[in-house]
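Read through the structure below, which is laid out as structure tokens, and then see the notes.
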Amino acid sequence: MKKDKSRFFQDVYEVVRLIPEGRVTSYGAIANYLGTKGSARMVGWAMNNSFSEVDSVPAHRVVNRNGLLTGKNHFATPTLMQELLEKEGIKVKNDQIQHFDSYFWDPAIEIGF
DNA sequence: TTTTTGACGATTC
DNA sequence: AGAATCGCCAAAA
């Protein structure tokens with residue numbers, strides 16, 4: 001294979017793309033799944049680059065560990081993220097996901113293998 | 001190559 | 001309990 005250098009971003013895109021609808025995860029959870037739990041911020045950075053990716057990365061399903069739509073400001077519109085989440089059946093109140101713990105989708109657990 | 005940043009997280013004050 | 005600060009890590013300038 002050729003491109004095996006910075007697969008970090010690619011890995012992030014892949015994991016985020018695997019997030020089922022109606023489910024959300026946190027940056028730290030993804031980073032943890034990648035093995036670099038300390039690089040939760042990098043996941044967010046990858047999201048920023050995700051807009052340049054050809055693949056549509058459902059970044060709206062990725063929120064911080066508090067279930068807060070911290071990255072909404074980086075979307076086309078700061079309301080787009082909440083709109084998408086609500087469209088998938090996720091209740092968002094004041095940029096805060098309701099029942100976040102119930103919607104939480106951890107790749108390390110759901111995928112695990 | 002060095003410095004800065006950055007959509008987080010946990011800890012400390 | 002809320003706010004501020006430090007720590008991690010990797011990419012972009």
Side-chain angles (χ1 to χ4, degrees):
Chain A
M1 301 309 179
K2 300 95 197 275
K3 44 186 178 181
D4 263 48
K5 297 169 60 122
S6 31
R7 77 174 202 200
F8 188 91
F9 277 36
Q10 295 182 6
D11 237 358
V12 173
Y13 304 142
E14 186 176 348
V15 174
V16 174
R17 210 181 302 136
L18 291 173
I19 300 174
E21 295 184 10
R23 285 284 192 276
V24 288
T25 188
S26 63
Y27 303 97
I30 296 172
N32 182 25
Y33 174 71
L34 298 177
T36 52
K37 61 180 182 181
S39 61
R41 334 169 72 175
M42 305 288 75
V43 178
W45 204 286
M47 295 284 97
N48 193 10
N49 277 270
S50 71
F51 289 94
S52 299
E53 288 292 307
V54 293
D55 294 304
S56 301
V57 181
H60 61 274
R61 295 182 189 150
V62 186
V63 295
N64 67 355
R65 119 165 243 326
N66 298 309
L68 192 69
L69 281 57
T70 52
K72 67 169 190 165
N73 189 26
H74 291 263
F75 281 77
T77 59
T79 53
L80 178 62
M81 190 176 195
Q82 181 173 333
E83 290 293 304
L84 291 171
L85 289 171
E86 290 183 317
K87 190 168 68 174
E88 295 190 356
I90 299 175
K91 311 299 187 301
V92 180
K93 187 71 170 187
N94 196 12
D95 299 337
Q96 167 67 51
I97 296 178
Q98 304 301 296
H99 306 282
F100 175 65
D101 186 62
S102 299
Y103 293 123
F104 192 75
W105 181 86
D106 192 330
I109 296 174
E110 301 299 323
I111 301 175
F113 299 83

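Each chain gets a letter, A, B and so on, in the order its sequence line appears, and its residues count up from 1.
- In the set dA10(C), dA10(B), dC8(B), the nucleotide with an atom closest to the side chain of Phe8(A) is dA10(C).
- The CG atom of Leu34(A) sits 16 Å away from the P atom of dC8(B) (whole-angstrom rounding).
- The partner of dT5(B) is dA10(C), judged by Watson-Crick or G-U wobble contacts that both fall below 3.5 Å.
- In the set dC9(C), dA7(B), dA10(B), the nucleotide with an atom closest to the side chain of Ser39(A) is dC9(C).
- Interatomic distance, Lys93(A) NZ to Glu86(A) CD, rounded to the nearest 0.5 Å: 9.5 Å.
- Distance, Glu53(A) CD to dA11(C) P: 13 Å, rounded to whole Å.
- Put simply, CZ on Phe100(A) is 13 Å from P on dC8(B), counting in whole angstrom units.
- Contacts of Ala59(A) with the nucleic acid, taken as non-hydrogen atoms under 4.0 Å apart, include base atoms.
- Residue Asn32(A) has no polar side-chain atom (N or O) positioned under 4.0 Å from OP1 or OP2 of dG9(B).
- Atom CG of Asn49(A) and atom CZ of Phe9(A) lie 4.5 Å apart (nearest 0.5 Å).
- For Arg65(A), taking side-chain heavy atoms from C-beta onward, the closest of the listed nucleotides dA10(B), dA7(B), dC8(B) is dA10(B).
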Just the table, please: protein N/O against nucleotides 1-6 of chain C N/O, every pair under 3.5 Å.
none

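- Using a 4.0 Å heavy-atom distance criterion, Asn48(A) is classed as a base contact.
- The nearest whole Å value for the distance from the CG atom in Asp95(A) to the P atom in dA7(B) is 15 Å.
- Heavy atoms of Asn49(A) sit under 4.0 angstrom from primed sugar atoms or phosphate atoms, though from no base atom.
- The side-chain heavy atoms of Glu21(A) and Arg61(A), taken from C-beta on, include a pair separated by under 4.5 Å.
- Among dA12(C), dG9(B), dA7(B), the nucleotide with an atom closest to any side-chain atom of Ser26(A) is dG9(B).
- In this structure, Met81(A) and Val92(A) have side chains that are not in contact, with every pair of non-hydrogen atoms separated by 4.5 Å or more.
- Residue Met47(A) contributes atom CE, which lies 13 Å from atom C1' of dC8(B) at whole-angstrom precision.
- Here the side chain of Thr36(A) is nearest to one of dC8(B), dA10(C), dA12(C), namely dA10(C).
- To the nearest 0.5 Å, the span separating OG1 on Thr70(A) from CD on Gln96(A) amounts to 10.5 Å.
- Hydrophobic clustering keeps Val62(A) apart from Leu68(A) (ILVMFWY residues linked when any side-chain heavy atoms are closer than 4.5 Å, directly or through intermediates).
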Exercise. Please walk me through it: do Tyr33(A) and Thr25(A) pass side-chain contact (heavy atoms from CB on, under 4.5 Å)?
Worked result: CA-CA 11 Å; Tyr33(A) 174 71; Thr25(A) 188; over 6 Å; no

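- Rounded to an integer number of Å, the gap from Tyr27(A) OH to dA7(B) P is 9 Å.
- If you measure from atom CZ of Arg41(A) to atom C1' of dT5(B), you get 8 Å, rounded to the nearest angstrom.
- Phe9(A) has its CZ atom 9 Å from the C1' atom of dA12(C), to the nearest Å.
- Residue Phe51(A) holds its CZ atom at 9.0 Å from NE2 of His74(A), rounded to the nearest 0.5 Å.
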